[in-house]
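No experiment lies behind these values; they were computed from the predicted model shown.
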Amino acid sequence: MAGLALAGPTGAVLAAAGDVRELLTRTELDRAGALRSAGDRDDFLAAHALVRLCAGRRRGRPAPGRPPP
């Protein structure tokens with residue numbers, strides 16, 4: 001079983017991921033909203049979006065609203 005890693009600068013990840021709100025849970029969105037710094041919020045959203053995208057690729061399923069890998 002091969003591993004999978006995705007990485008990139010926060011801005012690039014968010015731009016490539018599209019609307020991350022459709023990837024994350026309500027709890028994750030609430031946690032992101034509680035962060036004071038816009039940079040911290042963006043980092044949080046990008047990191048959690050990457051987890052969803054990696055999981056989708058690993059399972060051979062796209063994340064919601066995404067084309068197949």
Exercise. Do you know the tightest heavy-atom contact between Ala17 and Leu53?
Worked result: CB-CD1, 4.2 Å
Problem set entry | Which atom of Ala49 lies closest to which atom of Val20, heavy atoms considered | CB-CG1, 3.7 Å
For this session: Report yes if the side chains of Arg21 and Leu29 come closer than 4.5 Å at any heavy-atom pair, otherwise no.
Result: yes
Problem set entry | Pairs flagged by salt bridge (charged side-chain N to carboxylate O under 4.0 Å, His left out) wherever residues 29-39 is involved - sequence neighbours left out | Arg26-Asp30
Seminar exercise, completed: Rounded to the nearest 0.5 angstrom, the CG-CG distance for Leu45 and Leu23 is 10.0 Å
For this session: Would you tell me whether Asp42 and Thr10 have side-chain atoms, one donor and one acceptor, within less than 3.5 Å of each other?
Result: no
Exercise. Taking only residues two or more places apart in sequence, or in another chain, which ones meet Thr25 in a side-chain contact (heavy atoms from CB on, under 4.5 Å)?
Worked result: Thr27, Glu28, Arg52
